[in-house]
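Contents: one structure, followed by commentary.
Numbers here simply count residues along the sequence, with the first being 1.
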Amino acid sequence: MKNKKLLAMTAMVITASVLMTACSFSGKDKSEETPAAEVTPTAEAAEPTATPAPTAEPTIAPNVQSTTYTSADKSIAINLPDATWSNKTDETDMVSFESPDVGSILILHGQGEDTMASTVIPSTQDMAVSLDQADGDKVNGTDFEIQDYTSNDVNGIGVYSYTTRMLNTDKSGGDLYVVHKVFANDTEYYNIEASVKSEDALDSIKAAVASFQILGDSSLKEAAPKQAAAPAADNSSADNAADNSGAAASDNAGNTDASASTDGTTADGSSNDASQAAGNGTASTDTSTNSGGFTDEQLSNTDETRTIYRNSDGHPLVIQSDGNGNWVDFDGNTYSFADEQDAYDADGNSYYWHGEAADVYYMPVQ
């Protein structure tokens with residue numbers, strides 16, 4: 001009996017040992033079952049990039065002053081509608097201007113037998129219609145119509161004016177109107193063409209086209225509008241200065257040189273006049289200030305500005321009317337116009353005026 005119990009216990013021990021060994025080999029380590037966690041490196045925070053501040057552009061208020069533009073070669077001049085118009089091209093036979101979303105002005109010039117032989121002049125309304133029809137395959141009455149056509153002869157010079165109203169703006173590139181004016185004879189022509197993109201701008205652009213002036217040597221000059229002559233107030237001012245100088249009044253009464261600074265003949269002549277005025281020590285500054293062809297209304301309007309350029313180095317300087325007939329800079333220094341091109345400061349330094357207002361000078365040229 002004892003042996004049976006011993007054998008039974010021995011068998012249980014052996015069985016337990018076998019079971020434990022089996023569990024040890026058949027099972028997997030817990031650490032092997034659990035996958036290792038992947039560590040994702042934390043991205044470094046990007047350094048903030050400073051956004052550059054936009055460059056401030058000056059805002060130009062329109063309709064604040066006269067914006068007369070004279071071409072670089074001084075052959076032509078035109079009064080632009082307002083200060084939003086900028087010059088785009090200034091070449092010998094082509095000058096152009098543009099105002100964003102308002103319109104553009106193109107001035108073309110040609111001369112010579114060969115040029116005129118290949119140039120079509122709108123000398124009749126039918127010819128004007130033909131020219132518009134040829135431009136972009138337009139149909140009269142459907143795509144456009146001619147309005148206000150006029151034809152005049154000024155001593156053999158033809159002057160033709162009309163407005164093309166665009167009925168199909170898809171074919172006109174968005175233009176509502178095109179204003180035309182042509183001066184022509186057998187040997188030369190000037191063609192002024194202004195596109196109008198805004199209905200409100202039509203009248204002002206028409207006025208600009210009508211203001212076109214021929215300043216240089218041209219066989220057509222007689223038919224174009226003339227520059228305003230220097231006001232008679234200049235000579236009366238010179239007489240007043242002469243009266244204030246006592247005995248010198250009788251000398252100036254018969255001396256034509258006293259008014260020579262107002263004729264605008266040469267820059268040298270103007271310089272001599274200015275030097276004489278400075279040497280006399282009289283109120284000659286007031287005398288020559290209004291000799292640039294400016295009206296009393298311009299000289300009393302403090303919104304009137306001009307850009308003049310120092311002859312010695314071309315440095316530009318903005319001056320404005322003080323409302324009392326004088327041109328002054330922002331420091332209060334006075335400048336005198338000897339004629340329609342030349343100006344001088346109180347020290348006798350000479351400046352040149354191109355004919356444009358200050359806002360025109362500061363607009364970008366592209």
Side-chain angles (χ1 to χ4, degrees), residues 69 71 76 78-81 85-89 91 93-154 156-214 218-220 223-225:
Y69 185 92
S71 62
I76 61 170
I78 188 171
N79 296 331
L80 299 173
W85 289 75
S86 60
N87 173 243
K88 296 298 181 181
T89 307
E91 300 176 357
D93 292 322
M94 181 173 68
V95 180
S96 65
F97 308 90
E98 183 179 350
S99 178
D101 302 321
V102 178
S104 60
I105 299 175
L106 175 64
I107 303 172
L108 297 175
H109 174 248
Q111 59 184 342
E113 184 177 348
D114 293 340
T115 298
M116 298 307 296
S118 59
T119 301
V120 179
I121 303 298
S123 54
T124 65
Q125 183 165 338
D126 288 341
M127 187 61 70
V129 169
S130 297
L131 287 171
D132 275 308
Q133 286 183 151
D135 182 17
D137 192 25
K138 300 182 182 71
V139 178
N140 184 28
T142 301
D143 299 321
F144 72 92
E145 64 181 13
I146 302 296
Q147 297 180 341
D148 306 325
Y149 181 89
T150 62
S151 174
N152 296 294
D153 184 278
V154 181
I157 301 170
V159 182
Y160 313 103
S161 301
Y162 62 98
T163 299
T164 303
R165 180 190 176 195
M166 296 302 180
L167 305 177
N168 184 345
T169 55
D170 291 336
K171 286 190 176 182
S172 66
D175 294 340
L176 302 180
Y177 300 90
V178 179
V179 181
H180 305 265
K181 189 163 189 178
V182 178
F183 300 87
N185 57 18
D186 293 338
T187 60
E188 185 180 9
Y189 77 87
Y190 270 104
N191 180 26
I192 306 94
E193 183 175 293
S195 65
V196 184
K197 296 183 180 297
S198 168
E199 191 81 35
D200 294 338
L202 177 60
D203 290 341
S204 63
I205 292 179
K206 280 185 174 181
V209 172
S211 74
F212 172 77
Q213 300 174 7
I214 300 175
S218 170
S219 62
L220 308 173

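Minimum interatomic distance between Asn185 and Thr187 (heavy atoms only, all atoms of both residues): OD1-N, 2.9 Å. Closest approach of Ala208 to Ile78, counting heavy atoms only: O-CG1, 3.3 Å. Here the shortest heavy-atom pairing between Asp101 and Ser198 reads O-CB, 4.2 Å. When all heavy atoms are compared, the tightest approach of Pro122 to Leu131 is CB-CD1, 3.9 Å. Contact between Ala201 and Ser204 at its shortest, heavy atoms only, is O-OG, 3.0 Å.
Pairs passing the ring pair (Phe, Tyr, Trp, His ring centres under 6.0 Å) check and including a residue from residues 103-124, sequence neighbours excluded, read His109-Tyr190. Counting only residues at least two apart or on different chains, the salt bridge (Lys or Arg N to Asp or Glu O under 4.0 Å) pairs with a member in residues 160-174 are Asp143-Lys171, Glu145-Arg165.
Looking only at side-chain heavy atoms (C-beta outward), Met127 and Tyr160 stay at 4.5 Å or farther from each other. Thr142 is not listed as a side-chain neighbour of Leu167, based on a closest heavy-atom distance of 4.5 Å or more. Looking at Asp132 and Tyr162, their side chains come closer than 4.5 Å, going by heavy atoms from C-beta outward. Contact annotation: the side chain of Tyr69 never approaches that of Trp85 to less than 4.5 Å [non-hydrogen atoms, C-beta and beyond]. Considering only heavy atoms from C-beta on, Asp186 stays 4.5 Å or farther from Met116 through its side chain. Side-chain contact between Phe183 and Val159 is present, with at least one heavy-atom pair separated by less than 4.5 Å. Side-chain contact between Glu193 and Val182: absent, with no pair of heavy atoms (C-beta onward) separated by less than 4.5 Å. Using a 4.5 Å heavy-atom cutoff, the side chains of Lys138 and Thr164 are not in contact.
Tyr149 contributes a side-chain N or O that, together with a main-chain N or O of Thr124, makes up a donor-acceptor pair within less than 3.5 Å. Between the side chain of Ser195 and the backbone N or O of Ser104 there is at least one donor-acceptor pair closer than 3.5 Å. Panel note: side chain Ser172, backbone Met166; no donor-acceptor pair is recorded below 3.5 Å. Of the possible polar contacts, one joining the Glu188 side chain to the Ser219 backbone as a donor-acceptor pair under 3.5 Å is found. Here the side chain of Ser96 pairs a donor or acceptor atom with the backbone of Thr89 at under 3.5 angstrom.
Rounding to the nearest 0.5 Å gives a distance of 5.0 Å between CZ of Phe97 and CG of Leu80.
Listed by chain and residue number, Asp73, Ser75, Ile76, Asp90, Val95 satisfy the side chain to side chain contact (heavy atoms under 4.5 Å, CB included) test with Ser71 (two or more places apart in sequence, or in another chain).
In summary, of the residues considered (Glu199, Gln147, Lys197), a side chain to side chain donor-acceptor pair (under 3.5 Å) with Tyr177 occurs for Glu199 alone.
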- Item | Test log, rule side-chain contact (heavy atoms from CB on, under 4.5 Å), inputs Leu176 and Thr169 | CA-CA 7 Å; Leu176 302 180; Thr169 55; 3.9 Å; yes
